[in-house]
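Following: one structure in structure tokens, then a few remarks.
Just so you know, residue 1 is the first one in the sequence shown, and it goes up from there. Quick caveat, the model's predicted, so the values are computed rather than measured.
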Amino acid sequence: CLTYAQLLERVETAAFLLHSTYEVRKKDFVMISALSKPGFVVFLLAAQYLGAAAVPLAKSAMGDTLCRLCSFVEPKVLITDTRLDSSSVRKVSFAGLYQKVCSFGEHGYVGYGHPDMTDVAEIIFTTGTTGEPKGAMLSYGALQKGAEYTRDGVHRTMDDIELIPLPLNHSFGLRVLRAMLYAGGTVVLQNGFMFLKETRRNIEKFGCTGIAVVPALVERLYHSLGMEFAHVFGVLDHMEISAGSLSEDMKQKLLQLIPAVHIFNVWGSSESGGVIFLDVTAHQKHLGSLGIPAEGVEIKMVDSDGRMICADSLEHAGRMALRGKMLMSGYFKRDDLTAETLPDGYLYTNDLAYRSADGFIYMLGRADDIINTGGEKVAPMEVENAAGQHPSIAACACIGGEDKDGKSGLVPVLYVVPAAGEINGKEISAFLSSRLEQYKV
């Protein structure tokens, strides 16, 4: 365990060693294996203490992937214990450097200079294992604003103890970590969600009040644990679910199973951080929505030609674009992609959405996923939300399939995982017909 005073001392010592031994200076790049250990937090903050940009790496990154990223970024130093057959980058052992930081005899210190808030503080790679690397550059100002949004959007305070079992090279895990430090709370780092016993032990041992998880994991745990789910997670104050949208059906199930736990569903991306928040517990009439944008986040909907439209209903949905101080500066060494994604200061997503009269954002899915059937447009998410309410369906996915009659071009096709036994197709069709227009069935 580290107190904030101890964390600061280790950050200052790590910054001193990076500066004096490895000549890290302002605007350099420091690549770090994103291990779920205190050392990662220390190195991340030490790089930014020096005004350098931290580049978190997937802990599993190795071989060609690691070499390609190093060649692309050209970091001043790479902090990892992963083997790397390359002489083009200065590599230092993660474990060795952290041991040196912890055992450093004198308190190393290098003067801190407040960074320009527009300087790059972090690069989050959204791809890299295949194809061209795509790294979102986040400024110091963007990180600060993003931390405020995540702290306030989920009501985190200095009394909270947050369990983070997420990869720390991804936007979700990083922004939760940063928000907790910004709030002055306590962070419990866990190396993934592989072992439920570890999760239960950490929640009990440290008295965790909150946890950050992804939707797919919630679905899996719900179906595998049954009522045991409530015993493990029912003691929490809150649960933040992000990196995808939780189905409306699962939101309802969580409200029934763990009614005392505040459920938050958050929409965000590597390029924006978390910006749309749904307090599921407080807004049960809006379970199908993404939530309400944080204060200061501007959102508009545009048509296929990029013109702003009044997207106030499902039938008039548009492509979502957003603007605010939390946005990335652009993609690292990808000016073409930056110009395409941020043409006028707005970040243009590929998500189709609309805004209700009371300010809630509703998502229909990715623009590429919309099914054009006989001139009518079907949003897969709408079909999935309706089907997910049937008791015999554990999970489902809707996609476009060829119309065998050759009349409609594409038709919506629903794939289902039975909750138990067999699925009765006619029964499901009748169930959907009572909730959706016929062309969607």
Side-chain angles (χ1 to χ4, degrees), residues 145-157 160 162 166 171-173 175-176 179 183 209-219 221-222 233 236-301 311-314 317 320-322 324 326 347 349 351-366 379-382 384-386 388-389:
K145 182 55 67 176
E148 291 176 8
Y149 286 158
T150 299
R151 177 197 63 185
D152 299 341
V154 186
H155 312 315
R156 290 185 171 94
T157 71
D160 278 318
E162 190 84 5
L166 303 166
S171 173
F172 184 17
R175 65 177 172 79
V176 173
T209 61
I211 190 171
V213 290
V214 298
L217 183 61
V218 174
E219 298 264 3
L221 289 173
Y222 176 86
F233 300 105
L236 300 173
D237 171 74
H238 65 266
M239 176 182 287
E240 179 182 351
I241 304 164
S242 189
S245 183
L246 197 65
S247 69
E248 187 174 344
D249 177 57
M250 184 51 63
K251 290 173 186 173
Q252 292 173 336
K253 289 175 178 175
L254 290 181
L255 288 171
Q256 295 170 3
L257 190 61
I258 47 175
V261 181
H262 236 71
I263 308 295
F264 293 92
N265 205 166
V266 182
W267 183 92
S269 67
S270 299
E271 294 84 354
S272 69
V275 290
I276 304 177
F277 298 84
L278 177 66
D279 184 335
V280 176
T281 309
H283 298 290
Q284 297 186 28
K285 292 182 179 180
H286 298 279
L287 295 187
S289 77
L290 293 182
I292 298 175
E295 186 175 353
V297 176
E298 300 177 54
I299 290 184
K300 67 177 181 179
M301 312 301 176
D312 56 0
S313 66
L314 186 149
M320 184 170 70
L322 51 150
M326 74 296 164
L347 174 74
T349 74
D351 296 319
L352 283 182
Y354 68 93
R355 191 199 313 254
S356 65
D358 46 3
F360 285 81
I361 304 294
Y362 285 79
M363 182 81 72
L364 303 188
R366 305 289 288 175
M381 188 178 293
E382 184 186 9
E384 292 162 1
N385 280 337
Q389 296 176 42

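Using a 4.5 Å heavy-atom threshold, the side chains of V261 and F233 count as separate. Counting heavy atoms from C-beta outward, E248 and L287 have side chains that approach closer than 4.5 Å. The closest side-chain heavy-atom distance from L314 to L364 is below 4.5 Å. Side-chain contact check for R156 versus E240: some heavy-atom pair is nearer than 4.5 Å. Looking at Y222 and L257, their side chains come closer than 4.5 Å, going by heavy atoms from C-beta outward. F264 is not listed as a side-chain neighbour of M239, based on a closest heavy-atom distance of 4.5 Å or more. Contact of the H238 side chain with the I263 side chain is not registered, since no non-hydrogen atoms from C-beta on lie closer than 4.5 Å. Within the 4.5 Å cutoff, the side chain of T349 has heavy atoms near those of the W267 side chain.
Screening residues 275-285 for side chain to side chain donor-acceptor pair (under 3.5 Å), with sequence neighbours left out, gives H262-D279. Sorted by first and then second residue, the salt bridge (Lys or Arg N to Asp or Glu O under 4.0 Å) pairs involving residues 289-298 (not counting sequence neighbours) are E298-R323. Identified under the salt bridge (Lys or Arg N to Asp or Glu O under 4.0 Å) test for residues 249-266, with sequence neighbours left out: D249-K253.
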With side-chain contact (heavy atoms from CB on, under 4.5 Å) as the test, would you mind laying out the steps for I241 and V218 before giving the verdict? CA-CA 8 Å; I241 304 164; V218 174; 4.1 Å; yes

Given V214 and L166, is the side-chain contact (heavy atoms from CB on, under 4.5 Å) satisfied, shown in steps? CA-CA 8 Å; V214 298; L166 303 166; 4.1 Å; yes

Yes or no on side-chain contact (heavy atoms from CB on, under 4.5 Å) for L255 and V280, after CA distance, side-chain angles and deciding distance? CA-CA 8 Å; L255 288 171; V280 176; 4.0 Å; yes

Criterion side-chain contact (heavy atoms from CB on, under 4.5 Å) on Y354 and M301, from CA distance to verdict: CA-CA 7 Å; Y354 68 93; M301 312 301 176; 5.6 Å; no

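A salt bridge links K145 with E148; the closest basic N to acidic carboxylate O contact falls under 4.0 Å.
Checked against side-chain contact (heavy atoms from CB on, under 4.5 Å), P293 has the following partners two or more places apart in sequence or in another chain: V297, I299, R355, I361. Taking the side-chain contact (heavy atoms from CB on, under 4.5 Å) definition, one finds that S269 meets it with E271, S272, L347, sequence neighbours left out. Residues satisfying the side-chain contact (heavy atoms from CB on, under 4.5 Å) test with S171, not counting sequence neighbours, are R175, S270. The side-chain hydrogen bond (donor to acceptor under 3.5 Å, both in side chains) check on Y362 picks up H286, with sequence neighbours excluded. Partners of E219 under the side-chain hydrogen bond (donor to acceptor under 3.5 Å, both in side chains) rule, at least two apart in sequence or in another chain, are S247. Take I292 and apply the side-chain contact (heavy atoms from CB on, under 4.5 Å) test, not counting sequence neighbours, and it matches F360. Applying the side-chain hydrogen bond (donor to acceptor under 3.5 Å, both in side chains) rule to T157 yields no partners; only residues at least two apart in sequence or on another chain are considered. Under the ring-ring contact (aromatic ring centres under 6.0 Å, His included) criterion, F277 pairs with no residue at all, not counting sequence neighbours. Among residues two or more places apart in sequence or in another chain, the side-chain hydrogen bond (donor to acceptor under 3.5 Å, both in side chains) test is passed with D160 by T209.
Taking every heavy atom of both residues into account, A353 and A311 meet most closely at O-CB, 4.0 Å. Contact between A147 and A179 at its shortest, heavy atoms only, is O-CB, 3.8 Å. Of all non-hydrogen atoms in F172 and A212, the two that sit nearest each other are CZ-CB, 3.8 Å.
Atom-to-atom distance recorded for L278:CG and S289:OG is 4.5 Å, nearest 0.5 angstrom. Here N385 contributes atom CG and Q252 contributes atom CD; the two are 9.0 Å apart, rounded to the nearest 0.5 Å.
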